[in-house]
Visitor: 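Quick one: structure below, then a few questions.
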Amino acid sequence: PQRPCSPHSFYDPSTSTRQAHSAAASRPGLMASKPLMAEHWLGRRMPRWSRPCRVSVNVGSMGAGGSTTFQFVNGEVLHWRMNLQGSLERILDSVLPHEINHTVFASYFRRPLPRWADEGAATLFEHSSEQAKQLHLLQSVVDKPGQRFSLAELLRMKEYPTDSRRMLILYAQGYALADFLVQQRGQTAYLKFLSAAETDDWEQAIRGHFDHAGVESLERNWLAWIRAGMPRLNHGEPTVAEQLALRSVGKVSGNSSQVP
């Protein structure tokens, strides 16, 4: 049967894509992020698939952004297409890692995820300047329940909001929640948590994989952490994006149960 593309396959004849691919090749840490993204989460690299993921790149002064489309068909993930735009630097250090993470999660779970979980995990690999924008937005809404999503709402969302500001808030809250959980128990626990929530409920999944009594307890602790500025829970340890860079030069190996 047809299988999904590897998260490190490229194909597009356009000049801008060749330019981006050539530039990435001159920066080993960024090129390595494609095969190593799966290794970071799963402890192993994903095999190459029968068909490449087609990638279109528009390099310019427009705002950075991207999209990845695919279809879940009978347990397979098919018809991949990735679009990237922005400055070359921001494409390489934020947009491309973000979109690659979507392909890894789709290939692993083979089902739609709650939007916060997918977008939040992908944002962990963005440049710190992009993450700082998320924190700024979060701190402007954290004490405004009418503007932010409650955790109960966020956990079960499988569709994007139609309102553009609500969309940005979803991304920001998803990033903060993914960061909070991954820092506490690591990437393996995060994946198991999402798998458990599919068969159990969120209350049980939270209690089974994290040191929180349930949704209300997690929300209370998480919001307090956001108000404090999302400080590192493991002081002096690398962020997820920094871990990936270290892995690319052979200084991190395997899939740790906690942030190394």
Side-chain angles (χ1 to χ4, degrees), residues 1-7 37-47 49 68-80 98-125 148-161 166-167 169-223 225 233 240 254-259:
Q2 186 180 7
R3 303 178 70 188
C5 69
S6 160
M37 192 80 73
E39 188 174 283
H40 173 83
W41 288 108
L42 310 176
R44 55 182 169 80
R45 298 191 183 192
M46 288 184 167
W49 303 118
T68 302
T69 58
F70 46 83
Q71 292 180 313
F72 295 108
V73 181
N74 298 324
E76 297 292 338
V77 194
L78 309 175
H79 311 306
W80 297 83
H98 182 113
E99 297 305 324
I100 290 170
N101 201 75
H102 286 319
T103 72
V104 172
F105 272 32
S107 297
Y108 177 73
F109 288 102
R110 295 176 182 264
R111 62 176 173 82
L113 291 174
R115 294 303 186 185
W116 74 267
D118 200 9
E119 297 298 348
T123 305
L124 294 175
F125 296 94
R148 63 170 169 81
F149 298 100
S150 70
L151 182 56
E153 290 179 292
L154 192 68
L155 289 173
R156 62 176 179 260
M157 287 183 67
K158 290 195 174 181
E159 299 298 333
Y160 291 108
R166 297 281 282 175
M167 173 86 79
I169 292 170
L170 166 64
Y171 273 68
Q173 287 190 248
Y175 159 60
L177 185 55
D179 194 23
F180 188 58
L181 297 177
V182 170
Q183 283 197 61
Q184 288 189 329
R185 285 294 180 86
Q187 54 267 36
T188 300
Y190 186 79
L191 298 181
K192 289 182 176 179
F193 166 62
L194 296 178
S195 294
E198 176 72 4
T199 55
D200 302 324
D201 60 26
W202 288 107
E203 294 283 350
Q204 292 183 57
I206 290 167
R207 289 194 297 268
H209 295 85
F210 298 97
D211 294 326
H212 303 282
V215 173
E216 289 187 9
S217 171
L218 172 57
E219 181 168 37
R220 184 168 55 253
N221 295 329
W222 171 55
L223 293 179
W225 176 72
L233 301 179
V240 167
N255 184 15
S256 62
S257 59
Q258 290 189 314
V259 176

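Just the heavy atoms: all of them, side chains too, but no hydrogens, waters or symmetry mates, feed the values below. If you're wondering where the values come from, they're calculated on a predicted model, not measured in any experiment.
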Visitor: What are the two closest heavy atoms between Glu203 and Gly214, and how far apart are they?
Guide: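 Glu203 and Gly214 have their closest heavy atoms at OE1-CA, 3.1 Å.
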Visitor: Side-chain contact, heavy-atom cut-off 4.5 Å: Tyr160 with Tyr171?
Guide: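 Yes; the side chains approach each other to less than 4.5 Å.
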Visitor: So do the side chains of Leu124 and Asn101 get within less than 4.5 Å of each other, counting heavy atoms only?
Guide: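 Result no, sub-4.5 Å side-chain heavy-atom pair not found.
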Visitor: Kindly say whether the aromatic ring centers of Phe70 and His102 come within a distance under 6.0 Å.
Guide: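 No, the ring centres sit 6.0 Å or more apart.
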Visitor: Using every non-hydrogen atom in the two residues, find where Ala178 and Ala121 come nearest and quote the distance to one decimal.
Guide: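 That closest heavy-atom pairing would be CB-N, 3.7 Å.
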Visitor: Could you go through the side chain to side chain contact (heavy atoms under 4.5 Å, CB included) check for Gln71 and Val77 one step at a time?
Guide: CA-CA 6 Å; Gln71 292 180 313; Val77 194; over 6 Å; no
Visitor: How close do Pro161 and Phe149 get, counting heavy atoms only, and between which atoms?
Guide: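 Residues Pro161 and Phe149, closest heavy atoms: CG-CZ, 3.9 Å.
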Visitor: Given Arg148 and Leu223, is the side chain to side chain contact (heavy atoms under 4.5 Å, CB included) satisfied, shown in steps?
Guide: CA-CA 11 Å; Arg148 63 170 169 81; Leu223 293 179; 3.6 Å; yes
Visitor: Taking the side chain as C-beta and beyond, is there a heavy-atom pair between Ile100 and Phe105 under 4.5 Å?
Guide: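 With C-beta onward as the side chain, the pair stays apart.
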Visitor: Taking the basic N atoms (NZ, or NE/NH1/NH2) and the acidic carboxylate oxygens, is any pair closer than 4.0 Å for Arg111 and Glu198?
Guide: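 Yes, Arg111 and Glu198 are salt-bridged.
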Visitor: Find the distance between CE (Met157) and CG (Leu170) and round it off to the nearest 0.5 Å.
Guide: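 Met157 atom CE to Leu170 atom CG measures 5.0 Å (nearest 0.5 Å).
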Visitor: Going by heavy atoms in the side chains, are Trp222 and His212 under 4.5 Å from each other?
Guide: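 No, side chains not in contact.
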Visitor: Apply the test side chain to side chain contact (heavy atoms under 4.5 Å, CB included) to residues Asn221 and Phe210: give CA-CA distance (whole Å), side-chain angles for both, the deciding distance (0.1 Å), then the verdict.
Guide: CA-CA 12 Å; Asn221 295 329; Phe210 298 97; over 6 Å; no
Visitor: Give me the atom names and distance for the closest heavy-atom approach of Gln184 to Leu233.
Guide: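 Nearest pair, atom of Gln184 first, then Leu233: CG-CD1, 3.7 Å.
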Visitor: Does the side chain of Ser150 come under 3.5 Å of the side chain of Glu153 through a donor N or O and an acceptor N or O?
Guide: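 Per modelled atom types, Ser150 and Glu153 side chains form a pair under 3.5 Å.
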Visitor: Which atom names give the shortest non-hydrogen contact between Arg110 and Gly75, and what distance separates them?
Guide: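 Looks like NH1-O, 2.9 Å.
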Visitor: Tell me whether Glu219 contacts the main-chain N or O of Leu151 through its side chain, where contact means a donor paired with an acceptor under 3.5 Å.
Guide: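 Answer holds: yes.
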Visitor: Once you measure the plane-to-plane angle for Tyr190 and Trp116, does it fall in the parallel (<30°), tilted (30-60°) or perpendicular (>60°) bin?
Guide: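 Plane angle over 60°, so perpendicular.
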Visitor: Indicate yes or no: does Arg220 engage Glu216 in a salt bridge with an N to O separation below 4.0 Å.
Guide: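 No.
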Visitor: Arg44 side chain to Glu39 main-chain N or O, any donor-acceptor pair under 3.5 Å?
Guide: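 Flag not set: sc Arg44 to bb Glu39 has no pair under 3.5 Å.
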Visitor: Between Glu119 and His98, do the side chains contain an N or O donor and an N or O acceptor separated by less than 3.5 Å?
Guide: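 There is such a pair (donor and acceptor under 3.5 Å, judged by atom type) between the side chains of Glu119 and His98.
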Visitor: Are the side chains of Leu218 and Leu181 in touch, meaning some heavy atoms are under 4.5 Å apart?
Guide: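 Yes, close enough: below the 4.5 Å cut-off.
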Visitor: Return the minimal non-hydrogen interatomic distance between Phe72 and Ala106, and the atom names on each side.
Guide: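 Heavy atoms of Phe72 and Ala106 come nearest at CE2-O, 3.8 Å.
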Visitor: Can you tell if the side chain of Glu99 reaches within under 4.5 Å of the side chain of Thr103, non-hydrogen atoms only?
Guide: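 Glu99 does not reach Thr103 side chain to side chain.
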Visitor: Measure the shortest side-chain to side-chain distance between Pro114 and Arg156 over non-hydrogen atoms and say whether it is less than 4.5 angstrom.
Guide: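 No. Closest side-chain heavy atoms not under 4.5 Å.
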Visitor: Could you tell me the separation between the CH2 atom of Trp202 and the CD1 atom of Ile206, rounded to the nearest 0.5 Å?
Guide: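 Between Trp202 CH2 and Ile206 CD1, I get 7.5 Å after rounding to 0.5 Å.
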Visitor: Would Trp80 and Thr69 satisfy side chain to side chain contact (heavy atoms under 4.5 Å, CB included), going step by step from the backbone distance to the final call?
Guide: CA-CA 6 Å; Trp80 297 83; Thr69 58; over 6 Å; no
